[in-house]
Amino acid sequence: MTEPADLVVVGAGPAGMAAAVTALAGGLRVALVDSGTTVGGQFWRHPPEHARAAIPTDDLHHRLREHRALCGALSAGREAGRLDARLAHHVWSAVHEDGGFAVHAVDRRTPPRERTVVLRAPRLLVATGAYDRQLPFPGWDLPGVLTVGGLQALLKGGGVVAGSRVALGGTGPFLLPVAAALAARGAEVVAVCEAAHPGAWLRHPGALLRNPGKWAEGAGYAAALARHRVRVRPRTAIVAAEGDDRVTSVRIAALAADGSPRPGTERRAAVDAVGVGWGFVPQLDLLLPFGCRLTETADGNAVVAVDDGRRTSVPGLYAAGETCGVGGAALALAEGRLAAESVLADSGAASVLGPARRAGVRAAVARGRAFARALALAHPVPPAWSSWLTDETVVCRCEEVSAGTVRAARADDDARDHRQVKHLTRAGMGWCQGRMCGPAVHCLAAGEGAYTPAERLVATPLTLGALADLDDRPSAATDTGGTDKECS
Amino acid sequence: MSEFSVDGEPVRFVEGQTVAAALVATGRVAWRTTRTGRRPRGVFCGIGVCFDCLVAVDGVPGQRACLVPARAGMAVTTGEGDDD
């Protein structure tokens, strides 16, 4: 694509793919950027196309028909010269420029080589997804303890099972497909510890009744887990991981209503891998510096506030999927379409869906959002989770700041949020910039309210050498380097 | 199967795997030592967010093993100093 784009979409997961495809169908020129080596995001993570025969993963996926349709449409857009697909490009900053947007990325197609690229367009859509929310516990920094998403990424992206005896813990339905996938690949899933009470769903019958597809999905996982004799243990948690140089066992406890371990219920299970996850944290890095209005979702996250067309409070800036609140792939697909419809309308282009189908997608988004809210309320972070911590437990993995140090910052120095704790203790100041410990430090310091991540002006580290090569000519055409051929 | 080297030792991998996936496939879960506590670390988030899996690739430090596709002949070095 040599013409400048009408729209830059950051994130090629379900939301970004659906948005790009809809915008292309409406006649727009689109630049689609993603850090992954293929499109699909985390939900449809695949090995690179040339490796798919050697690493078969189709059986681990859901909604593959939609994935293929979107890939086909993206390929057609590229062949028509209207899609500039930038894979393995890490966006480190997005800024206003000349009434539009400049998206700064690092081309990492051939690491360790880095090259800066600037993509410019009058409109920007941020669909950067989310990552697993973590709560520290003793031993969570031992090798062999991964996030649930990490276990799944190794499976879906590389065909690798991270252990032969695996325990999963945390809360939320995401534990189930990962347990099923591990079992399907031959791992013994010794426990799936779900902190929530299964009866919590009964308080939200409406959300369930309006989303029958979710019933079918849940029943599918239940059947798969039953086939592999995997038991989900409600109201339990992995409260410690043990081992010297790598994890060799976990301690599992039954939980009281507030999430504190019930005395006398602890038991030990031998494992060689562990996966933990407590819902997700939306990836807002590119949105926060614009000063977009934020709102809170029922899972305790601050998310970007959008109108019913997925417009943020900043003109020309749109969001779809998890950046508007964690809600899963089906919702992300619908929101991507809706956001692209708004882009079309605001650009003076004709609607692709037409009024009737657009109303249908809007209704699906409303149903999906209601379901996401019910899900968040049914799978909360247990209020007393911090009772699992000892003073020695590492909270900030990067800077190795302990729970005792964070607690002292609150008790002795009156730190009341994660920013103050960071200044006092360095928690959140390391490589990951608080992405792993932020929600936990927020809970320990503030104790209540939604977690708003710290503003990170550089969303991914890059070398000074790459920065020195930065193309900062505002009116220049987008970079002339090769567009990715591989799009699926 | 192709090969890259980790600290001079050959590691076989399936074309398309990341460095982290290839290492985990060989049973290796740790390849870095933390600055302060000298604790072993390897892959944690698996999607480029946590930076626990840092390695040097062809002499360039600070590379996330979970994001870098393994390439035949690539020289990966691990150990201390990667988190400085």
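Below, chains carry the letters A, B, ... as their sequence lines are ordered, and counting in each starts from 1.
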* Where on B/Arg28 is there a heavy atom nearer than 4.5 Å to chain A: the side chain, the backbone, both, or neither? ->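 Nothing of B/Arg28, per the 4.5 Å heavy-atom cut-off to chain A.
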* Looking at B/Val24, B/Val14, B/Val49, B/Val68, which has the largest count of heavy-atom pairs under 4.5 Å with chain A? ->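 With the most close heavy-atom pairs to chain A, the winner is B/Val49.
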* **Largest heavy-atom contact set with chain A, pairs under 4.5 Å, which of B/Gly42, B/Cys50, B/Ala25** =>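 So the answer, after comparing B/Gly42, B/Cys50, B/Ala25, is B/Cys50.
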* **Residues which pass salt bridge (Lys or Arg N to Asp or Glu O under 4.0 Å) with B/Arg39, listed by chain and number, not counting sequence neighbours** =>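 Per chain and number, B/Arg39 pairs via salt bridge (Lys or Arg N to Asp or Glu O under 4.0 Å) with no residue.
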* Determine the sole option in B/Arg12, B/Gln17, B/Glu15 for which the side chain to side chain donor-acceptor pair (under 3.5 Å) test with B/Ser2 is passed. =>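 Exactly one pass, corresponding to B/Glu15.
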* Are the side chain of A/Arg456 and the backbone of A/Gln433 linked by a donor-acceptor contact shorter than 3.5 Å? ->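 It does hold such a pair.
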* **Under 3.5 Å donor-acceptor, B/Gln63 side chain and B/Val57 backbone** =>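 Pair absent, no side-chain N/O of B/Gln63 close to backbone of B/Val57.
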* Asked: Measuring from A/Ile238:CD1 to A/Ser249:OG, what's the distance to the nearest 0.5 Å?
  ->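 One gets 11.0 Å once the value is rounded to the nearest 0.5 Å.
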* Got a sec, which pairs hit salt bridge (charged side-chain N to carboxylate O under 4.0 Å, His left out) with one end in residues 52-63 of chain B, sequence neighbours left out? ->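 Output for this query lists A/Arg397-B/Asp52, B/Arg32-B/Asp52, B/Arg41-B/Asp52, B/Asp58-B/Arg71.
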Structural part of [X] lying under 4.5 Å from a heavy atom of chain B:
| X | result |
| --- | --- |
| A/Gln42 | side chain |
| A/Leu142 | side chain |
| A/Asp244 | backbone |
| A/Ser35 | neither |
| A/Ala51 | both |
| A/Arg108 | side chain |
| A/Gln152 | neither |

* To do: Using a cut-off of under 4.5 Å on heavy-atom pairs, state which of A/Leu154, A/Leu155, A/Leu146, A/Thr110 scores highest against chain B.
  =>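 Most pairs with chain B among the choices: A/Leu146.
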* **Best-contacting candidate, A/Gly36, A/Pro461, A/Ala54, A/Pro111, against chain B by heavy atom pairs under 4.5 angstrom** =>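 If we count pairs closer than 4.5 Å to chain B, A/Pro111 comes out on top.
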* To do: Please work out whether the ring planes of A/His46 and A/His61 are parallel, tilted or perpendicular, with thresholds of 30° and 60°.
  =>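 Geometry flag for A/His61 against A/His46: parallel rings.
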* Asked: So, A/Arg435 and A/Asp285, do they make that salt bridge, N to O below 4.0 Å?
  ->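 So A/Arg435 pairs with A/Asp285 through a salt bridge.
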